[in-house]
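For reference, the structure is listed below as structure tokens.
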Amino acid sequence: MAHANEAVEELTSPSIDPEEVEKFSAMADEWWDPDGKFKPLHKINPLRLNYIRDTLTRHFGLDADADQPLKGLRLLDIGCGGGLLSEPLARLGAEVVGVDAAIRNVKTAKAHAEKTGVKVDFRHRTIELLAESGEKPFDAVLNMEVVEHVSDPAQFLKTSASVVKPGGLMLVSTINRTSKAFVMAIFGAEYVLGWLPKGTHQFDKLVKPEEIEAALAPEGYEVGEPVGVSFNPLSDEWRLSGDTSVNYMTVVTAPEK
Amino acid sequence: MTKQLECDAAIVGGGMAGLATALSLEAAGLSVAIVDALPVEVRGDEAFDGRASAIAYTSWRMFTVLGVADRLEGEAQRIEQILVTDGRAPDGLRPGGPSPLFLRFDHAEINGEGGEPLGYMVENRHLRRAMTETLQARGNITARAPARVVDVARDANGAVITLDDGGTISAPLIVAADGRNSFMRKRAGIRAHGWNYNQSAVVATAEIERGHDGVAHEYFLPAGPFAMLPLTGDRFSLVWTEKPRAAKALMELGEPQFTEEMQRRFGDLAGKVKPAGPRWSYPLGVQVAEEYCAERLALVGDSAHAIHPIAGQGFNMGLRDAAALADVLGEARRAGLDIGDLTPLRRYERWRKFDNVILSVATDGFNRLFGNDIGPVRKIRDMGMALTGKIGPARRFFARHAGGDTGERPRLMQGLTP
């Protein structure tokens, strides 16, 4: 009980109902436990963060070795979940807005950021609502591991890209729709290794790189060459690779005006 | 006076591993606090630690990057060659013509003639002084000494250390560098396994009549290895391994008798020898921790692994821990990750544990193999030594391993900033 009381005292944000604090605190612990339910995300996180940092600093002409290399950038993290990406990016100096359609994810992320003292603007929003609200456009939008979970990927990508500043970036990471992806990402990760709950990914919802291109190129967006992301079971680490047949990331550049 | 301090990493233990870790983590961009129970002057005193350490050539590169090497000017003796001999009696080495069954490692074979030596011999007090001076010159390191840790709290959100002066240090990560009997390790409930050898090492410094030319000698004798390690200014550091009772007797000998014993061991190798300064005696044992990390805690140096000094690797292992931890935490910091998170700490553990366990087992094996006077065992190891000595690749492999030049090397060991 002493622990719960401490948590209540620490949380002063008016948007969080004290009665829910304990519950979301427990969920935050789950999201942030490197051995817990979200272990695969923790494993891939360093690689994603390095990729985001390097891509953004290169594009915006910033110093990647600076203490806060992303200082001055305003970022949107779509489907922020427990804040696994938003928090580190804020630590790197960016002003981060994290949105999630699930209210409990937003509360979880808020509860964790309160504890670590990292400033992130977490909001309960869908990208559609945010785009309609006339939100100030972002230097970069992060669309990481989300597009394979939505019902209309093409429309979703267009809406997401619409909140990017002219000349800004959208980073997309997802799973390709190939037989190898089926074997590795669905059968392997969900059924054999048990990394992800069964049903996390459905094969026909997976997105091919050319489908991203087809959705955004006609609107004037430049869709870059995808980069593969592969798992090395020997070193137990993810790394960038030339193999885009399973996990891949791609950079979309918004047209200048 | 009570002080509340906040930093990225709080290091507990101001011994050699702790100092090296503080410098390495600072080089990786972290703000660091280091806590030690002893006053700085005590650590630097000649009477505190009479040992000298072999600094492998990769460790020296690390010292160069950290700015420690500059402060060791004139105190570091190049090791040009290592001669390993299987000896039965103290006078087993004939003058000018060593026994045919010996192993010779030469720096020229690894790093080219006149290139990097196999390593350097430096007295621990100089290492402490050089590292302490470097540390004081750095803006991002706070030292708290003398101060004792009275309480530790670690949870998912961070760690807090409470000191006996009532001050606290809050950090996302604590590094335990508090030695073989690590309080921090025990508090974390991490078990360590090991055993004591029925051996003690008597350490002394000898002034010699003839120069040593940077050659280190190691004789394998039944009671344990007898090592003569070159120091600057025509001196050898002696590591004299004996059964505890014999070691005790050596410690109690008067100066003339000890000189006589010493001369008997040296034979004709270096002309007349005489002891310089006091003698020390250390019990020998091996110990390996089950885990190198826990929530918001990482173990480095002897708190994680203490090995037999037979191959002169103990401090080098601690340096490699520090360098690997700096790499892993530097990467986590650059990715904006919480540096006390278990994900980077596990990477550090995987990286170092394998290397350290291999060395612990190898040195234990060497000691058992060479500390054996049974005829056939001697025959076999002599053949092994002669064979290794004849096969260039095998010899170079052992020399590289002793130099820390195998496996995935941390950036500091490659002469790069973490």
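Every chain is numbered from 1 and lettered A, B, ... according to where its sequence line falls, protein lines coming before strand lines.
With a threshold of 4.5 angstrom between heavy atoms, A/D67 approaches chain B through its backbone and through its side chain. Of the atoms belonging to B/R333, heavy atoms from both backbone and side chain fall under 4.5 Å from chain A.
Residues of residues 42-52 of chain A lying under 4.5 angstrom from chain B, judged on non-hydrogen atoms, are A/H42, A/N45, A/P46, A/L49, A/N50 by number. Contacts from residues 26-33 of chain B to chain A, taken as heavy-atom pairs separated by less than 4.5 Å, involve no residues at all.
The pair B/E295-B/R154 fails the salt-bridge criterion, with no side-chain N (NZ, NE, NH1 or NH2) lying under 4.0 Å from an Asp/Glu carboxylate O.
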**OP:** Test side-chain contact (heavy atoms from CB on, under 4.5 Å) on A/V99 and A/D77 and set out the steps.
**Re:** CA-CA 6 Å; A/V99 294; A/D77 178 11; over 6 Å; no

Original post:
Going through the checks in order, is the side-chain contact (heavy atoms from CB on, under 4.5 Å) test met by A/V97 and A/L75?
Top reply: CA-CA 6 Å; A/V97 176; A/L75 309 181; over 6 Å; no

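Side-chain contact of B/E6 with B/S170: a donor-acceptor pair under 3.5 Å is absent, judged by distance alone.
For the atom pair B/R334 CZ and A/L92 CG, the distance stands at 11.0 Å (nearest 0.5 Å).
The 12-atom threshold is exceeded at NZ of B/K186, counting heavy atoms of other residues, nucleotides or ligands nearer than 6.0 Å. Applying the 6.0 Å contact sphere to CZ of B/R148 captures no more than 12 heavy atoms from other residues, nucleotides or ligands.
You'll find the side chain of B/T21 stays beyond 4.5 Å of the side chain of B/D321, heavy atoms only.
No other option in B/G336, B/G158, B/A332 has as many heavy-atom pairs under 4.5 Å with chain A as B/G336. Ranked by non-hydrogen atom pairs under 4.5 Å with chain B, the options A/D35, A/T116, A/D65 are led by A/D35.
Ring geometry, B/Y292 versus B/H305: the interplanar angle falls from 30° to 60°, so the pair is classed tilted.
Residue B/R296 forms a side-chain hydrogen bond (donor to acceptor under 3.5 Å, both in side chains) with just one option from B/D341, B/D155, B/D338, and that option is B/D338.
If you look at A/H112 and A/W32, their ring centroids are closer than 6.0 Å.
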